[in-house]
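Here the structure comes first, spelled out in structure tokens, and everything after it is commentary.
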Amino acid sequence: MADKNENELVDYFESFLKQKPLFTNKNVLQSDYTPESLKHREVQINSIAQILAPALRLEKPSNIFIYGKTGTGKTVTVKYTTEKFLEVAKKRNIPIKVIYVNCKLKKVADTEYRMIAQLIKEFGQEIPATGLPTEEVYSHFFKIVDEKKQLVILVLDEIDQLVEKIGDEVLYSLTRINAELKNSQIGIIGISNNLIFAQTLDSRIKSSLSQEELVFSPYNALQIVDILSHRAKTAFEKDAIKQGVIQKCAAYAARDHGDARRALDLLRVAGEIAEREGSKKVEMKHIDDAEAKIEKDCMVEAVETQPKQFHAVLYAIMSIVSKRDGFIHTGEVYEVYKAVCIQTNLRPLTQRRVSDIIGELDLLGIINAKTISKGRYGRTRDISVIIAKEMVEKINSILKNKLEL
DNA sequence: GTCAATTCACATGAAAGAGACCACGGTCTAGTG
DNA sequence: CTAGACCGTGGTCTCTTTCATGTGAATTGACGA
């Protein structure tokens, strides 16, 4: 038995090596890859360049505010433009610094403190992860920036997330920094996925932050095809992709608001699947598999990374679902949840908290929770599970594992 | 039959507490010259 | 004398709890036709 397995393994590795790889450079399909040339974003690149240009004379450029849905190339465009911009600055020895901060990353910016700490880190200095008064962190930041004459371009990606989490005071402080700086100037480029985000801002911040506004409209299917085939040329071996595969990818991605990132992911995963299967080409069906896999991975990942209490709540919901059909309400979930807690020696949380957890699970897209009013019979949430049937098993076993049931 | 009041079962908000981190500064201790 | 171990203090952060307030429609019940 063991022998056979061994042979099989060896065979597998052998055949893997013999097999011609499909990819030549997989990185090109990674979403954080900045290509040599950007397609279909010439207009935006030019606008940013025009706004940024005065900075080369060390005049403070206008702050820019960029909107656009996910996968419309906002980040990549800004990165691309600022890179070129920096190249020139470097050549001429102009003291310009571009700082890119992604506000979505949890470790980076979910509090005012960390946000500023991250900025300081970008300047090559360390600051304790916690423990200092926020005030002090600010002044430390001022000091670093103002140390020498320079111009700083601050790119705040997913700025809406930042404001959602910690409010807009940070932005206010940042936009006002310039008044206090003697040597330096700071220009801000804000990038937001949320189209109406600016309207929710305090008007003072809004006016100073969005001196220039730029909108990135979604790519249409044709443009995505163009982008994909362009990248596929460097990413894949010649003829590794069957006719129409890229079109299908694009169509999938265009279906939900022209998300190019999603299209790239799809193509990459499809390629991986094809390669693993030992297929010579990426076929149509690999795209479908890829889509299923991406979705599944997201879900499993989302469930797995939750804290224990979330698992308990989710487990409670799942076990109700498995017993009967129809909608579930908060009170019922809470009762079952308490039982689960006793079973697993977990300290039960209050209903208030569980209610929040249900809300968060909904936000994660693991469950569907809609608050409804049932008139005389109160107000509650209608909870349903949106996980596909074959996923339920998998999720359940993860939960059981995590809960040590 | 109509219409406002009531009522339910939570949702949603705000504030405050607990416990974990962490830096910093002071004190103690042991090892060294 | 000095480096390192070991507190205590003061700060932040996250997760919770407590207390309060909000909510939307089914139901009730008064009222008038």
Side-chain angles (χ1 to χ4, degrees), chain A residues 101-121 123-144 161-174 200 202 302-317 320-321 324 326-342 344-385 399 402-403:
Chain A
V101 181
N102 189 338
C103 307
K104 193 177 69 181
L105 301 176
K106 240 197 167 166
K107 289 280 152 56
V108 174
D110 50 359
T111 69
E112 199 170 344
Y113 184 104
R114 281 193 192 163
M115 169 77 202
I116 306 297
Q118 177 68 22
L119 293 182
I120 292 174
K121 209 170 152 194
F123 274 94
Q125 298 211 17
E126 283 294 331
I127 194 125
T130 161
L132 294 180
T134 312
E135 196 80 356
E136 201 162 307
V137 185
Y138 261 112
S139 58
H140 194 84
F141 177 62
F142 281 158
K143 223 174 71 197
I144 296 176
Q161 305 265 336
L162 179 73
V163 171
E164 199 173 289
K165 267 187 214 134
I166 50 182
D168 44 17
E169 285 143 56
V170 195
L171 295 184
Y172 186 61
S173 316
L174 282 178
T200 62
D202 188 306
V303 171
E304 236 166 14
T305 54
Q306 293 310 308
K308 210 162 184 181
Q309 294 287 1
F310 283 57
H311 288 139
V313 174
L314 189 55
Y315 186 73
I317 294 171
I320 298 173
V321 168
R324 64 173 180 78
F327 284 111
I328 308 165
H329 299 143
T330 308
E332 193 181 358
V333 171
Y334 188 63
E335 289 307 312
V336 178
Y337 158 79
K338 273 199 290 193
V340 171
C341 281
I342 291 166
T344 57
N345 259 336
L346 209 59
R347 195 174 53 84
L349 302 176
T350 46
Q351 178 156 331
R352 174 71 186 82
R353 180 66 187 133
V354 170
S355 173
D356 276 351
I357 290 179
I358 291 173
E360 282 169 56
L361 286 173
D362 175 46
L363 218 65
L364 283 166
I366 299 171
I367 60 172
N368 217 335
K370 220 169 92 190
T371 67
I372 50 141
S373 177
K374 297 193 301 163
R376 191 68 213 271
Y377 304 106
R379 215 167 121 84
T380 183
R381 278 192 171 106
D382 258 0
I383 302 165
S384 59
V385 179
L399 290 177
K402 293 267 173 188
L403 291 169

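In what follows, every heavy atom counts, from backbone to side chain, and hydrogens, waters and symmetry copies are set aside. In what follows, every chain begins at residue 1, and chains take the letters A, B, ... in the order their sequences are listed.
- Side-chain N/O atoms of Ser355(A) include one lying less than 4.0 angstrom from OP1 or OP2 on dA11(B).
- As rounded to whole Å, 9 Å separates atom P of dA11(B) from atom CZ of Arg352(A).
- The 12-atom threshold is exceeded at NZ of Lys308(A), counting heavy atoms of other residues, nucleotides or ligands nearer than 6.0 Å.
- Rounded to an integer number of Å, the gap from OH of Tyr138(A) to P of dT12(C) is 13 Å.
- The shortest distance between the side-chain N/O atoms of Thr380(A) and the OP1/OP2 oxygens of dA9(B) is not below 4.0 Å.
- In this structure, Asp356(A) atom CG and dA14(B) atom C1' are separated by 12 Å, rounded to whole Å.
- Remark on the helix from dG1(B)-dC31(C) to dG31(B)-dC1(C): inter-end axis angle 10°, axes from five-pair C1' superpositions, rounded to 10°.
- Within the structure, every side-chain polar atom (N or O) of Thr371(A) is placed at least 4.0 Å from both OP1 and OP2 of dT23(C).
- One finds no side-chain N or O of Arg376(A) lying less than 4.0 angstrom from the OP1 or OP2 phosphate oxygen of dC10(B).
- The phosphate of dT7(B) has neither OP1 nor OP2 within less than 4.0 Å of any side-chain N or O from Tyr377(A).
- Across the protein-nucleic acid pair, Arg379(A) atom CZ and dA26(C) atom C1' stand 14 Å apart, rounded to whole Å.
- The minimum heavy-atom distance between Val340(A) and Tyr315(A), with the atom names listed, is CG2-CD2, 3.9 Å.
- Per the geometry, CZ belonging to Arg353(A) stands 18 Å off P belonging to dC10(B), to the nearest Å.
- Rounded to an integer number of Å, the gap from Ile116(A) CD1 to dC13(C) P is 11 Å.
- Per the geometry, CZ belonging to Arg347(A) stands 9 Å off P belonging to dG19(B), to the nearest Å.
- Computed from coordinates, the Ile357(A) CD1 to dC10(B) C1' distance equals 16 Å when rounded to whole Å.
- Contact record, Val385(A) with Ile366(A): CG1-O, 4.3 Å, taken as the closest heavy-atom pair.
- Summarising the geometry of Ala312(A) relative to Tyr337(A), their closest heavy-atom pair is CB-CE1, 3.8 Å, with the distance given to 0.1 Å.
- Residues Ile383(A) and His329(A) come closest through the heavy atom pair CD1-C, 4.4 Å.
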Intermediate values then yes/no, side chain to side chain contact (heavy atoms under 4.5 Å, CB included), Asp362(A) and Asn368(A): CA-CA 5 Å; Asp362(A) 175 46; Asn368(A) 217 335; 3.9 Å; yes
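- In terms of heavy-atom proximity, Glu304(A) sits nearest to Lys402(A) at O-NZ, 3.7 Å.
- For dA11(B), the OP1/OP2 oxygens have a side-chain nitrogen or oxygen of Arg381(A) closer than 4.0 Å.
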